[in-house]
Protein chains: 2
Amino acid sequence: MRLVIARCTVDYEGRLTARLPSAVRLVMVKADGCVAIHADGGAYKPLNWMVAPNILVEARDDDGSPTWTVSNGKGERLVIRFDEVLSDSSHELGTDPGLEKDGVEAELQALLAARPDVIGDDLVLVRREYPTDIGPIDLLCRDGSGATVAIEVKRRGEIDGVEQLTRYIARLELDPGLRPVRGVFVAQSITPQAKVLAGDRGFRCVEIDYEVLKGMRPEDLRLF
Amino acid sequence: MRLVIARCTVDYEGRLTARLPSAVRLVMVKADGCVAIHADGGAYKPLNWMVAPNILVEARDDDGSPTWTVSNGKGERLVIRFDEVLSDSSHELGTDPGLEKDGVEAELQALLAARPDVIGDDLVLVRREYPTDIGPIDLLCRDGSGATVAIEVKRRGEIDGVEQLTRYIARLELDPGLRPVRGVFVAQSITPQAKVLAGDRGFRCVEIDYEVLKGMRPEDLRLF
DNA sequence: TATTACATGTCGACC
DNA sequence: GGTCGACGTGTAATA
């Protein structure tokens with residue numbers, strides 16, 4: 001990883017056209033070739049960047065200033081003109097073992113697929129990721145009466161999720177073999193607005209405690 | 001801006017739980033207090049981060065290793081344990097003049113406002129950013145028959161945009177002076193799923209070539 | 001403060 | 001390679 005602290009101007013042309021006036025910034029070049037230009041604030045997002053793969057060409061401007069031109073095969077181009085280099089260092093970092101995550105939506109969905117009864121006593125899973133032509137439904141089940149139940153699972157239940165469930169159900173209702181279709185909106189927590197909207201649409205809301213669900217011993221999990 | 005190259009382990013607890021095993025990484029602390037941990041690859045996104053405002057506490061572990069605990073008021077906590085510090089430098093960058101952008105959705109909307117006939121021959125602009133109580137509609141027009149036409153403009157047309165248009169039209173239909181309202185979904189490109197949904201809702205889809213639109217000479221632009 | 005829509009979103013999964 | 005949905009999305013504008 002190469003870290004350059006320098007007064008520089010930057011021009012980007014590609015998905016949009018953007019320009020950075022002369023100022024002191026950090027220019028970061030990673031081992032995979034990606035380039036990022038950071039100001040001293042504004043969270044983790046750089047002011048400008050180029051993702052790998054790309055080609056970095058070092059040259060000198062008319063007046064002798066170093067200039068980097070970074071381009072990729074998709075018509076994007078980043079030009080960095082260095083007015084004054086304050087620091088330039090390189091470091092060998094090696095490959096990173098990577099981030100170990102826990103608690104995302106996928107696991108919540110998997111746990112619920114194994115235990116649909118947590119959502120409703122009489123639910124039996126038909127399949128996960130049931131496909132429709134506007135996208136897959138998280139869980140499709142049948143209840144004790146044989147009615148179809150479409151379930152949207154979110155980590156955080158917000159209005160978007162209710163809209164998504166609405167769209168899916170509208171598509172499913174077109175299939176005589178599935179009609180009628182009930183909707184259930186499941187999340188660790190559901191915002192008041194999402195609850196109101198779900199109520200308007202006739203969907204049941206279920207808030208799930210992820211820790212409790214995860215804590216169930218394997219023998220409690222009904223495999224499918 | 002402080003830049004630390006170090007072998008470290010990192011734990012994050014907050015919106016999820018995540019852990020980084022010991023490896024050499026860059027730890028960046030910006031003037032506004034935000035912290036980012038970068039590996040030597042993977043575009044501009046750090047492996048872990050904390051956005052400002054937050055509190056950084058430097059301490060020493062049981063075995064003498066420096067440890068940073070970064071926490072904010074929303075129950076998020078990032079713990080960085082330094083096993084070996086290879087480099088530690090600070091730089092004064094000053095405030096950044098900021099990025100000057102061009103070519104985003106706003107310009108597409110402005111160009112179409114000047115040339116609604118590109119969307120439909122007989123369209124006449126009523127106004128841009130026509131207000132409703134759930135937000136402004138990009139373009140409101142009338143067609144040759146005097147019917148209202150609501151137009152949602154996106155750079156990329158996806159399902160969310162169709163939902164947005166649907167909500168706006170539902171509001172407009174409440175106004176007897178506007179009813180009936182037709183919907184048109186305009187974007188540089190529209191995904192197949194968005195086209196299906198727009199079709200279901202009875203909206204017309206129009207894909208626009210931004211470069212062609214921009215290339216029209218000023219005298220071709222009908223000002224409003 | 002809370003909600004909404006945008007982003008050079010990025011990223012992964014799947015087709 | 002394209003499409004689609006999740007993301008610790010972040011971010012700005014707006015009410």
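Below, read A as the first sequence line, B as the second, and so on, with proteins coming before strands; counting in each chain starts at 1. Only a predicted model underlies this, so the values are computations on that prediction, with no experimental measurement involved. What's counted below: heavy atoms across the whole structure, side chains too, no hydrogens, waters or symmetry copies.
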### Query
Using the benzene-type ring in the case of Trp, are the ring centres of A:F82 and A:W68 under 6.0 Å apart?
yes

### Message
Keeping A:T148 on the side-chain end and A:L178 on the backbone end, is there a donor-acceptor pair under 3.5 Å?
### Response
yes

### Query
Is it true that B:K195 and B:E207 make a salt bridge, defined as a side-chain N closer than 4.0 Å to a carboxylate O?
yes

### Task
Measure from the side chain of B:L16, starting at C-beta and using heavy atoms only, and say which of D:dG8, D:dA6, C:dC6 lies closest.
D:dG8

### Nucleic acid contacts of residues 161-170 of chain B, taken as heavy-atom distances under 4.0 Å to DNA chain C
B:Q164, B:R167, B:Y168

### Query
Does OP1 or OP2 of D:dT3 have a side-chain N or O of B:T191 closer than 4.0 Å?
no

### Message
Measure OH/B:Y12 against P/D:dC7 and give the value in whole Å, please.
### Response
13 Å

### Task
Using whole Å, report how far CE of A:M50 lies from C1' of C:dT8.
10 Å

### Query
How far, in whole Å, is C:dA7 from D:dC7 if one measures between their C1' atoms?
13 Å

#### Entry: Cationic N near anionic O, under 4.0 Å, A:E58 to A:R2
yes

### Message
Quick one about B:Q188 and B:K154 (side-chain donor to acceptor, distance below 3.5 Å, no hydrogens or angles considered), yes or no?
### Response
no

### Message
Heavy atoms only, 4.0 Å cut-off, all strands: where does B:Y44 land among base, sugar-phosphate and nothing?
### Response
sugar-phosphate

### Task
Taking only Lys NZ, Arg NE, NH1 and NH2, and the carboxylate oxygens of Asp or Glu, determine whether A:R19 and A:D11 approach each other closer than 4.0 Å.
yes

### Task
Take atom P in D:dG8 and the same atom in D:dC4, then report the distance between them in whole Å.
22 Å

What nitrogen or oxygen pairs link the protein and nucleotides 12-15 of chain C at under 3.5 Å?
none

### Query
At their closest point, which heavy atom of B:A39 faces which heavy atom of A:M1, and how far apart are they?
O-CE, 3.3 Å

### Query
What nucleotide, of D:dG5, C:dC6, D:dA6, holds the atom closest to the side chain of B:I159?
D:dG5

### Query
Charged N to carboxylate O below 4.0 Å: is that the case for A:E152 and A:R167?
no

### Query
Between C:dC11 and B:K45, is there an OP1 or OP2 to side-chain N/O distance shorter than 4.0 Å?
no

### Listed nucleotide nearest any side-chain atom of A:E76, set C:dC6, D:dG8, C:dT8
C:dT8

### Message
Donor-acceptor check, side chain of A:D61 to backbone of A:P66, threshold 3.5 angstrom: yes or no?
### Response
no

### Message
By the 4.0 Å heavy-atom rule, please label B:D160 as base, sugar-phosphate, or nothing.
### Response
nothing

### Task
Can you figure out which of C:dT10, D:dC4, D:dG8 approaches the side chain of A:R15 most closely?
C:dT10

### Query
Base, sugar-phosphate alone, or nothing: which one does A:L47 contact when heavy atoms must sit under 4.0 Å apart?
base

### Query
Which one, C:dA5, D:dC4, C:dT10, comes nearest to the side chain of B:Q193?
D:dC4

### Task
Indicate, with a heavy-atom threshold strictly under 4.0 Å, whether B:L99 touches base, sugar-phosphate, or nothing.
base

